[in-house]
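Here the structure is laid out as structure tokens; the discussion comes afterwards.
All ligand and atom numbering here is 1-based and tracks the order in the structure.
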Amino acid sequence: MVGQVQPDAAPGRMLLRLVRLATGSARRLFVVYAAVSLIPILVLGMALLNVLNTQGNDRGITQARRDANLIARASIAPMLGGHDLRSGLTPAEQSALRRNVGMSVRDGQVLRLRLRDLDGTVVFSEDGSKGAPDGEALEAARGDVVSSLKWLNDDRGDQGPRGPRVVEVYEPLNAAQTGTRIGVLELYLPYASIAADIARGQRTISIALGAGLFTLWLVLLLVSEAVADLLRHQSNVNARLAREDALTGLPNRARFTEQVTRATASATLQRPTAVGVIDLDRFKQINDTLGHHTGDRLLVMLSERLTSHVGKSIVVARLGGDEFGIVVPEVRGAIEARELFVELRKVLAEPLEIDGLPLSVEASIGFALAPQDGTDVGSLMQHADVAMYLAKQQHLGVLAYRPEQDQYDSSALRLLAELGEAITSEQLVLHYQPKFDLISGKVTSVEALVRWQHPTRGLLYPDSFVPAAEQTELIEPLTWWVLRRATLALQVIDPGGTLGIAVNISAHSLSRPDFADEVLAVLAETGTDPKRVIIEVTETFLLVDPPRAARTLIRLHEAGVRTSIDDFGAGQTSLGYLAMLPISELKIDKSFVTSMLTDRRNAAIVRSVIDLGHSLGFSVTAEGVETTGVLDHLRALQCDTAQGFLMAKPVPVAQLRQWLSARSMPALSPAVT
Ligand code: C2E
Ligand code: CA
Ligand code: CA
């Protein structure tokens, strides 16, 4: 069965796996993968740090602009008289500025301070530096604050060596009293303290960022490992499925073919390899009546039986549907192979239970030997198939392939292929065989028996095509054709009378869920009184799905249709179960009746069936009565009705009518021939 994909979900287990991976054989690949996947993470980290840095600088500049604005408004402007600086500074203003600015510079709050007039010319500088009018100063003179991150003395016109990092701000300077623009304040604030401040904040963020990215990397590794693991698992499952039957887990046909090839390579005439094909009988019926779910469970159970019964050297495969294949290497010959397959067939037939329902499965097995019957897979499988088909058709159980079967098989297959056409083109005919009351000698009913008037092969008896048809859907049109034709014939054989008509119904047709209703519909259509109709069913039908069989028989019984259990004694119906069903007749299998005078065991069986039937309230019919000795004996045993060549053979409808009208009562002879 297909297993559920179960990836290791727990991260702990995944981590362990990673560690194992990193130390195991896949280490190199894993290390490469880990390293490669680290690159985008590092790039991302660097980009984020860069953004962080830029943001820090921006914050530093903003802070510096705020400081510059404060200094301009709170410190510088109040020291000035409020006149346009183009007219120069008064000595009082000069000294006030020098005093205050000198203090700030000494404190290290300001690195350089200049005042410029609205033309950009320096009118005051605390260090006496001059500096030419520049674009930034003129922009500030127009009212914009201009700021940037610089090195001290980096501007054009600056003298002296390059100094520390600074924030340079050009701040428009307004008169404290009137607010009119009078000049520009040029300030150089130290960047170091701002940078330290920013760095402190950034460090925490960087650590968090680093830890976050590392975790992300680790999670990515875990996820990709988990996905890889899942894919590996899935591809293993797929590889297995391609060679395995999904339902039973057995090797499939493709795998089986490989196994056959391998096992036959070393096979010798003394130690051949046996290739067997097992096909379940009536599996389709089980599927149809009990549902596919039950069919599937049955297949699983049977495949378990097969595998647990055979040793390791024997391969069991499911070839499809209800067909299994077996390869047995090095058998001692056909006899040993047959024994093994007979044994397997027994194992399959052991009763089993599904949902409380007792089931028993019969199988047909054909086998071929390599190299005797073929050396290549194709011919071996084909030969095993032919033998299996014959085993099924002739109810032989296990059959070894023989070359002459090919001829037989192909003709049987051809016959089956023609049957569909035969039904529609009226090549089938019914013969009727009377059943007699053993006390009155009267004919109570006639049994319809199908024949095939084949255009080239002549009259074919049902044994040559009904069992094969029962393995296919063809049995359906056959059943309905017989029922319709037989009930119509009844109106010719005994119009308006009481004579019954018995029709054989294959278990396959009977198992249809609506069988009873379909029968009643045909009877209504042909204008037949249901009380005149007897359906003959075999025990196998009762065994496949007892509850459904009971429902069908009850429905038919309620409508007046009688049921006869055909070939009784050959099966193994439980008596308790039989007693519960609305059955009217047991029909003793002719294999017991015909030889009852020469075989004491058969005589005992006939006697017991009669007793059993009577004690359950059923009428008992003996079929296959060929001698007066048997007839007398049956009468002595108080058997109710009899049927056989002694009294009447199956004949076409016209002959039957003649015989019935010419017949003098109550003698049981002459026979219809
Ligand atoms: P069955 O239902 O057991 O039919 C009785 C078979 O025994 C018939 O063979 C009949 O000709 C034969 N028989 C009758 N009296 C004697 C006798 O005294 N001695 C011997 N040795 N045989 C006797 P038949 O007609 O060849 O039919 C064989 C089987 O084919 C039937 O066995 C039945 O199972 C099946 N069959 C016949 N007609 C139909 C049909 O319309 N539908 C289905 N599903 N099966 C049919
Ligand atoms: Ca019958
Ligand atoms: Ca019979």
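Geometrically, ligand 1 and Asn504 share a nitrogen or oxygen pair separated by less than 3.5 Å. Any N or O atom pair closer than 3.5 Å counts here, and Tyr461 shares no such pair with ligand 1. Where the criterion is an N or O separation shorter than 3.5 Å, residue side chain and backbone included, Ile475 fails it with respect to ligand 1.
Ionic pairing of Asp567 and Lys587 is not present here: no N-O contact between side-chain nitrogen and carboxylate oxygen is shorter than 4.0 angstrom. Between Asp355 and Arg297, at least one side-chain N (NZ, or NE/NH1/NH2) sits under 4.0 Å from a carboxylate O, which counts as a salt bridge.
Listed by number with element, the atoms of ligand 1 under 4.0 Å from a non-hydrogen atom of Pro650 are 11 (O). Annotation for ligand 1: atoms under 4.0 Å from non-hydrogen atoms of Gly624 are 16 (C), 17 (C), 18 (O), 19 (N). When each atom of ligand 1 is checked for a heavy atom of Pro462 under 4.0 Å away, the hits are 24 (P), 25 (O), 26 (O), 27 (O), 28 (C), 30 (O), 36 (N), 37 (C). The distance from ligand 1 to the heavy atoms of Glu623 drops below 4.0 Å at these ligand atoms: 3 (O). Those atoms of ligand 1 that come under 4.0 Å of a heavy atom in Glu626, given as number and element, are 17 (C), 18 (O), 19 (N), 20 (C), 21 (N). The distance from ligand 1 to the heavy atoms of Val625 drops below 4.0 Å at these ligand atoms: 18 (O). Per-residue contacts place Ser506 under 4.0 angstrom from the following atoms of ligand 1 (heavy atoms of the residue considered): 44 (N).
Nearest N/O/S atom of Asp566 with respect to the Ca ion (ligand 2) is recorded as OD2.
Glu585 and Thr621 are linked by a side-chain donor-acceptor pair at a separation below 3.5 angstrom, with hydrogens and angles left out of the test. With 3.5 Å as the limit, one finds no donor-acceptor pair spanning the side chains of Thr444 and Asp437. One side chain, His454 or Thr456, offers a donor N or O that lies under 3.5 Å from an acceptor on the other.
Contacts of Val482 with ligand 1, taken as heavy-atom pairs under 4.0 Å, involve the side chain alone.
Partner His431 forms a side-chain hydrogen bond (donor to acceptor under 3.5 Å, both in side chains) with one of Lys649, Gln655, Arg451 and no other, that one being Arg451.
A perpendicular orientation is assigned to the rings of Phe436 and Trp659, their planes being inclined by more than 60° (bins at 30° and 60°).
Rounded to 10°, the angle formed at the Ca ion (ligand 2) by OE1 of Glu536 and OE2 of Glu447 is 90°.
Listed for the Ser584 side chain is a donor-acceptor partner under 3.5 Å among the backbone atoms of Thr563.
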